[in-house]
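Okay, structure first, notes after.
In what follows, every chain begins at residue 1, and chains take the letters A, B, ... in the order their sequences are listed. These numbers come from a predicted model, not from an experiment.
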2 protein chains.
Amino acid sequence: MIQSASAQPVFRALADPTRREIISMLAAGARPVGDITAAFDITRPAIAKHLRILEQGGLITVEVKGRERINRLNPQALKTASDWLNYFEEFWDERLAKLKQVVEDKK
Amino acid sequence: MIQSASAQPVFRALADPTRREIISMLAAGARPVGDITAAFDITRPAIAKHLRILEQGGLITVEVKGRERINRLNPQALKTASDWLNYFEEFWDERLAKLKQVVEDKK
DNA sequence: TTGACATAATACCAAAAGGTTTCCTATAAA
DNA sequence: TTTATAGGAAACCTTTTGGTATTATGTCAA
């Protein structure tokens with residue numbers, strides 16, 4: 001299969017539940033670091049580390065605005081992971097699997 | 001959003017590149033531990049650990065057959081991760097985003 | 001029944017991950 | 001022009017991760 005070269009930082013970013021929650025949060029709108037920190041029980045430096053990993057995976061972009069850093073979801077990066085998984089769609093989708101079977105039987 | 005309770009072991013399993021390669025390999029057919037080990041540059045115990053993590057994530061099932069352990073892909077588990085990601089589809093799919101815009105404008 | 005084979009189990013190690021506290025810097029506001 | 005606010009940076013700690021080597025176990029085959 002075509003193994004996307006940039007899949008690793010994306011899957012790495014998605015591996016942590018806190019980071020996935022941050023993604024869900026940012027889907028509702030861009031937020032500064034402080035807002036995000038307020039929604040969790042961990043310290044700001046911990047959130048900052050998660051944000052950096054999300055940024056490395058291309059999942060968020062950061063816009064510096066005065067003394068704030070606005071974190072914005074970049075959903076295109078999620079597509080990288082989705083594409084990888086969807087390659088296996090034929091294996092889990094029964095309809096597709098049966099169609100495949102019919103096609104192969106006709107050969 | 002509906003946060004699937006079982007998403008964590010799946011995303012955890014997907015986080016490692018070796019494990020994703022194993023998944024790709026098993027998509028072509030079930031394989032015993034030795035076969036999988038032969039395809040990588042790491043030792044059998046290392047592969048065995050990866051397989052256990054894949055099993056914990058529900059991504060593979062294991063069938064003991066004599067002295068062999070046949071590892072079989074369980075693609076349904078991949079769907080768990082895919083579903084999570086597809087929740088955000090509207091954010092990355094321009095067509096959908098525009099449709100959403102039209103619907104919201106009509107309100 | 002005696003090897004050879006497929007794999008598990010255990011003990012161990014180094015590095016990475018996830019967190020904390022403390023201190024520093026830049027911007028906004030009084 | 002102080003002072004409060006938003007956030008970064010560094011140092012440190014503990015647990016998890018990904019790997020190793022070694023030893024043990026059950027099964028097939030000569």
Side-chain angles (χ1 to χ4, degrees), chain A residues 3 6-26 29-74 77 81, chain B residues 3 6-26 29-74 77 81:
Chain A
Q3 171 74 294
S6 55
Q8 182 50 27
V10 178
F11 277 109
R12 185 219 176 184
L14 290 172
D16 185 89
T18 300
R19 288 194 290 268
R20 291 199 306 280
E21 277 192 59
I22 291 174
I23 288 170
S24 291
M25 187 180 176
L26 295 183
R31 296 263 178 279
V33 179
D35 273 27
I36 300 169
T37 302
F40 293 87
D41 281 340
I42 58 180
T43 59
R44 184 163 37 75
I47 293 289
K49 282 188 189 180
H50 284 309
L51 290 174
R52 198 151 47 83
I53 290 167
L54 287 168
E55 202 181 355
Q56 283 168 358
L59 291 159
I60 63 169
T61 55
V62 182
E63 177 199 351
V64 178
K65 205 168 185 176
R67 61 183 165 181
E68 286 187 335
R69 286 168 66 93
I70 312 296
N71 300 275
R72 178 168 286 110
L73 186 63
N74 175 31
Chain B
Q3 170 74 295
S6 56
Q8 182 50 27
V10 178
F11 276 109
R12 188 225 173 176
L14 291 171
D16 185 88
T18 300
R19 288 194 290 268
R20 290 199 305 279
E21 278 191 58
I22 292 174
I23 288 170
S24 291
M25 187 180 178
L26 295 183
R31 296 263 178 281
V33 181
D35 272 28
I36 300 168
T37 302
F40 293 88
D41 283 339
I42 58 180
T43 59
R44 195 187 29 256
I47 293 290
K49 281 188 190 180
H50 284 310
L51 291 173
R52 198 149 47 81
I53 290 168
L54 286 168
E55 201 181 355
Q56 283 167 0
L59 291 159
I60 64 169
T61 56
V62 182
E63 177 198 353
V64 179
K65 205 168 184 177
R67 59 184 166 181
E68 286 188 335
R69 285 168 66 92
I70 312 295
N71 300 275
R72 179 168 285 109
L73 186 63
N74 175 30

Side-chain ([X]) to main-chain ([Y]) donor-acceptor, under 3.5 angstrom:
X       : Y       : result
A:Arg19 : A:Ala13 : yes
B:Gln8  : B:Gly57 : no
B:Asn74 : B:Gly58 : yes

Quick one: A:His50 NE2 to D:dG7 P, roughly how many Å, whole number? 17 Å
Name the residue closer to the 5' end of DNA chain C, choosing between B:Ile70 and A:Ala15 according to the nucleotide with the nearest heavy atom.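 Nearer the 5' end of the strand: B:Ile70.
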Grab the two heavy atoms, one from [X] and one from [Y], that are nearest each other, plus how far apart they are.
X       : Y       : answer
B:Ile36 : B:Leu51 : CD1-CD2, 4.0 Å
A:His50 : A:Ile42 : CD2-CD1, 4.1 Å
A:Val10 : A:Ala77 : CG1-O, 3.7 Å

State which residues pass side-chain hydrogen bond (donor to acceptor under 3.5 Å, both in side chains) with A:Gln56; sequence neighbours excluded, sorted by chain then number. A:Arg12
Nucleotides bounding contact with chain A, strand DNA chain C, heavy-atom threshold 4.0 Å: C:dA17 to C:dA28
Only counting residues at least two apart or in another chain, list the ones meeting salt bridge (Lys or Arg N to Asp or Glu O under 4.0 Å) with B:Glu63.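 Once residues adjacent in sequence are excluded, the partners of B:Glu63 under the salt bridge (Lys or Arg N to Asp or Glu O under 4.0 Å) criterion are B:Arg72.
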Distances for protein N or O near nucleotides 15-17 of chain D N or O, under 3.5 Å:
unit_1, atom_1, unit_2, atom_2, d
D:dT17, OP1, B:Arg12, NE, 3.2
D:dT17, OP1, B:Arg12, NH2, 3.3
D:dT17, OP2, B:Arg12, NH2, 3.0

Tell me which pairs pass salt bridge (Lys or Arg N to Asp or Glu O under 4.0 Å) where either residue lies in residues 33-49 of chain B, with sequence neighbours left out.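 Listed once each, the pairs would be none.
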How would you summarise protein contacts on nucleotides 20-30 of chain D per nucleotide, using B for base, S for sugar-phosphate only and - for none, with heavy-atom distances below 4.0 Å? BB----BBS--
Got A:Ile22 and A:Leu59 here, is their nearest side-chain heavy-atom distance under 4.5 Å? no
